[in-house]
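Small disclaimer: the values here were computed from a predicted structure and weren't measured. These numbers come from the heavy atoms of this one structure, side chains and all, not from hydrogens, waters or symmetry mates. Chain A is the first sequence line, chain B the second, and so forth, proteins listed ahead of strands; every chain is numbered from 1.
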Number of protein chains: 2
Amino acid sequence: MQSPDSQKDITIYDLAARLGLSIATISRALNGEASVSPRTKKRVFEMAASLGYRMNDSARMLRSGRSNTIGCIVPQLNTHRMSAIVSAMEETARQQAYCLLVMQSLGSKEIEAICANLLFNKRVDALMVVPSEKTAGNMQHFDPFLKRDIPVILIDSGEEKHPFVNISTDNHKAGYDMTRHLLVRGCRQIVHITSSGSLPVYAGLCAGYRQAMTESGIPVKDHHIIPCALTREDGIHTIRTIWQQRKKPDAIFAASDECAAGCISALKEKGICIPGEIAVAGFGNDPVSLMTEPPLTTIDYPGHHIGKAAVHQMMDRLQEKTSSRTVAAIVLRSGLIIRKSTLIC
Amino acid sequence: MQSPDSQKDITIYDLAARLGLSIATISRALNGEASVSPRTKKRVFEMAASLGYRMNDSARMLRSGRSNTIGCIVPQLNTHRMSAIVSAMEETARQQAYCLLVMQSLGSKEIEAICANLLFNKRVDALMVVPSEKTAGNMQHFDPFLKRDIPVILIDSGEEKHPFVNISTDNHKAGYDMTRHLLVRGCRQIVHITSSGSLPVYAGLCAGYRQAMTESGIPVKDHHIIPCALTREDGIHTIRTIWQQRKKPDAIFAASDECAAGCISALKEKGICIPGEIAVAGFGNDPVSLMTEPPLTTIDYPGHHIGKAAVHQMMDRLQEKTSSRTVAAIVLRSGLIIRKSTLIC
DNA sequence: ATGAAAGCGCTAACAA
DNA sequence: TTGTTAGCGCTTTCAT
C-alpha cells in the first residue's frame, strides 16, 4: 500500500515526546497562543522544523469545525468573465490563508445541487455561487448552508427574496447608459441581442435598454430584441438573418463581446461600414473586444472586483464584523468603454 | 456563536440509535458495502434522508487518510490556456467524485511553494502543477509529496530528471511544423517572438523553429528571435521596433495569439498587407485568433485534453492501475490550424 | 505557563 | 450479517 520510502507523519505527539512537553502545549505553541512562554515556543518551532512536522488539517478541521476552505460554484471556468471572478477570489482568499474549492455547474441546476452537496460535506466555511441559467429562483439546494449558518454569497443573482448576500453589477444602469450612448450618437433602430436564458445580468441590460428607448420616445420593437446563446456564431447568424429583412438597424447592442465580434465579422463580410453605417457595442470588456476592427465599444464587467468583494464580504461575515450580517447586496459599478465601433461622427 | 435555528449535525450515532443498529453497520451501509443486508441498507438510507444526515468528510479524511481532493497550482487562472486546463480538470475530477483545490502561483516560485505547503497540509490525494516561469528545475517544494508517495503531475514542465509524471504537448514538433508551413509558403525572413522566461513550452517552440530553419539551409539570425512577455502590447511594440530597421521580415511566428494579434494590429496600422506582404502565425488557438482580420493561423493547444489526461493519469496512479507508476511522461499532439493570415498565394 | 483528558465523526480490525 | 472497540491528530475545557 505504501511505497518503501514513505514515512509516517510527524504529529504533535512526536514533538511532545521529544521535548518532554504535553501535546496541549505543543498545540498552543504551534497556534501562537500568548499563554506559552517564548522559550518554549521557540523550542517547539525548532523541533517542528527539524522533524518536518506538518499540521494535519483534517484533524484540526474535525475538532474545530472550520476548514479554512471556501467553496465556489460557477457555470464554467473557461470564459473571460468567470475566470476573472475566480482568479480574484483565489488571490484574495489565499492572502487570508484560505483555499478555494472550485466546481463547475455547466449550466445545469442538477449539477449545481450536486456540487453544493459535495462542498457542504467538505465543510467549507463559506460558499460563493454564480448561479447557472437554470437556477433562477430555485435555491433550495443551499438550504443546508443556511441551516448551519454558513455564509452563502451569490454573484449576479438578481433575486432579493432569498436570504443570501448578493454581489452584482448595476447592469440596468449599464444597459441604459449604453443605449443612451447610441441614441445620443443618432442611432434609432437599435437591435439588442440578449441571452435566451434568464440570467439577471442580461435581464438588467435589457431592462436598461428598454428604459432608455422608451424615455427617448422610441417604441421598443419586439423583433429588435433578439435572444440567443450569445456566442460568436450567434452574432454572425443574427446579422445574416436581420439582413434578409427590409429594414436594417443602425446599431447593434449585444450582451456579449464574443457575439458583438461575430456581428462585426458578418457585417464586414457584407461590406457594411462600422461605425459609418452601423454602430456595434458589446458587453464584458473581453480581450476580443480589443481585437475587432474597429475596436469594440463595450461595458466593463468588473469581474476582478466582484471576486475580491465577495471574499471580503465573506471574511467580514466569518469574523462577525460590524453589521456584516445586515448586508443584503453589494452593487459594483460597471462603466462604458467607448471605442471606435460606436464613434459615429 | 451559532444562530438560533442552526442545529447540531446528524451523525452515524444518531442513525444507529434510531435504528437500533451499531455505528459500524451504519457506516458500512452508507458506504454501500456488500456485507450489509439490502433491507438494512434501505432502512439506513431512509433514516439518513429523513433526518438530513450529511457525511462529515473531515472525520472520514482523518480516519482514512484520503481526502478525495486534488490540489492544483497554476500561474494564473484568467488566461485562455490555463482556464481550459483547469476547467477540464475540474470536470473530469468531479465525475469521479473528486474536488479541485485551485491555487495561483502568480508566476512566483515563493508563492508556488506556499501553495504546495498549504495543499500538502490539506492532505490532497494528488497535486497537479503548471510550473511558473521561475520554478524551472527547482522542485524541492514538492518533496513532501514525494516522501508521502502522493502523485505529483507536472504540466508542460520540460524536465525529465525529476521523478514526477509530466504531461505536455509536442511543442518542438509544433514549432517545427509551423516554421515549415511558413517556409513552404516561401517565407525566408521569419521572425520568432518567444517568451523571455524559461518555460519549456516556449523553449520547445523555439527549438522547433530553429531546426526547421537550419534544415532548410537558412541560418537563424539572433535578432530574428525576439523574447518578450508575449502580450498584445509586446506584439505591437515588437512590430514598431522591427519596422525601424532596414530589413523587414516576411513572416512573424509569435508564441502567443495575443501577441500575434498585437502584431496584426500594428502591421495594419502601417498599411502592411497580411498575408500579402507578411505572414503572421500565433500559438494557443485562443478565441482572439478568430477575431483578427485576417483570421490567425495558430497552433492548437489542447488544454482541455491536457487537463483530462492529467486527472485520468492521476486516477490510474491512485488506483495503482497497470504500470501507471512507470509512466514518466504523456505527450499530446498539438496540430496546426491554418487560417488566412499565412495563406500566401 | 503547562498538563490531563475528553472528545470531534468516522473507518477498520477483530469478534461473534 | 452485525457489533465492539480502538484509534486518526488535533483543540479545548478544567486542573494544577
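Counting only distance, with no hydrogens or angles, the side chain of B/Asn166 and the backbone of B/Ser157 share a donor-acceptor pair below 3.5 Å. Side chain of A/Arg123 to backbone of B/Ser58: no donor-acceptor contact under 3.5 angstrom is found. Between the B/Asn121 side chain and the B/Leu118 main chain, no donor and acceptor come within less than 3.5 Å of each other.
Atoms CG and OG1, from A/Asn56 and A/Thr11 in turn, are 9.5 Å apart once rounded to the nearest 0.5 Å. Separation of atoms CZ (B/Arg94) and CD1 (B/Ile70) is listed at 12.5 Å; rounding is to 0.5 Å. Rounding to the nearest 0.5 Å gives a distance of 8.0 Å between CG of A/Asp156 and CG of A/Leu199. Atom CE of B/Met128 and atom CG of B/Leu101 lie 12.5 Å apart (nearest 0.5 Å). From B/Ile26, atom CD1 reaches atom CE of B/Met47 across 9.0 Å, with rounding to the nearest 0.5 Å. Residue B/Arg28 holds its CZ atom at 6.5 Å from OG of B/Ser22, rounded to the nearest 0.5 Å.
Computed from coordinates, the A/Leu19 CG to C/dG3 P distance equals 10 Å when rounded to whole Å. Whole-Å rounding puts the A/Ile12 CD1 to D/dT12 P distance at 12 Å. The interatomic distance linking B/Asp14 (CG) with C/dG9 (P) rounds to 9 Å, in whole Å. Spacing between atom CD1 of B/Ile26 and atom P of C/dA12 amounts to 16 Å, rounded to whole angstrom units. In this structure, B/Glu33 atom CD and D/dT2 atom C1' are separated by 12 Å, rounded to whole Å. We find that CG of A/Asn31 is positioned 15 Å from P of C/dT2, with the value rounded to whole Å. Regarding A/Leu30, its CG atom lies at a distance of 17 Å from the P atom of C/dA1, rounded to whole Å. Following rounding to the nearest Å, A/Ile10 (CD1) and D/dC10 (C1') show an atom-to-atom distance of 16 Å.
Base engagement by A/Ser35 is indicated by at least one non-hydrogen atom pair under 4.0 Å involving a base atom. Contacts of A/Ile23 with the nucleic acid, taken as non-hydrogen atoms under 4.0 Å apart, include base atoms.
Between B/Arg317 and B/Asp149 there is a salt bridge, since a side-chain N of the basic residue sits under 4.0 Å from a carboxylate O of the acidic one.
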Protein-nucleotides 13-16 of chain C N/O pairs closer than 3.5 Å?
unit_1 : atom_1 : unit_2  : atom_2 : d
C/dA13 : N6     : B/Arg28 : NH2    : 3.1

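When the side-chain nitrogen and oxygen atoms of B/Thr40 are compared with OP1 and OP2 of D/dT1, none of them lie within a distance under 4.0 Å. Proximity of A/Thr11 to the phosphate of D/dG9: no side-chain N or O atom is located under 4.0 Å from OP1 or OP2. Between B/Ser27 and the phosphate of C/dC10, there is no side-chain N or O to OP1/OP2 separation shorter than 4.0 Å. Between D/dG3 and B/Ser22, a contact under 4.0 Å exists linking OP1 or OP2 to a side-chain N or O.
Qualifying salt bridge (Lys or Arg N to Asp or Glu O under 4.0 Å) partners for B/Lys308, counting only residues two or more places apart in sequence or in other chains: none. In this structure B/Glu33 satisfies the salt bridge (Lys or Arg N to Asp or Glu O under 4.0 Å) test with no other residue, sequence neighbours excluded.
End-to-end axis angle of the helix from C/dA1-D/dT16 to C/dA16-D/dT1, using five pairs per end and rounding to 10°, comes to 30°.
Under a cut-off of 6.0 angstrom, the local environment of CZ in B/Arg18 is sparse, with at most 12 non-hydrogen atoms contributed by other residues, nucleotides or ligands.
Contact annotation: side chain of A/Tyr13 to base of D/dC8, donor-acceptor pair absent below 3.5 Å.
Between B/Ser132 and B/Pro75, the shortest heavy-atom distance links the atoms CA-CG, 4.3 Å. Contact detail for A/Ala310 and A/Ile153: the closest heavy-atom pair is O-CD1, 3.3 Å.
Of the residues in residues 115-125 of chain A, none has a non-hydrogen atom less than 4.0 angstrom from any atom of DNA chain C. Scanning residues 41-65 of chain A for heavy-atom distances under 4.0 Å to DNA chain C yields A/Leu62, A/Arg63.
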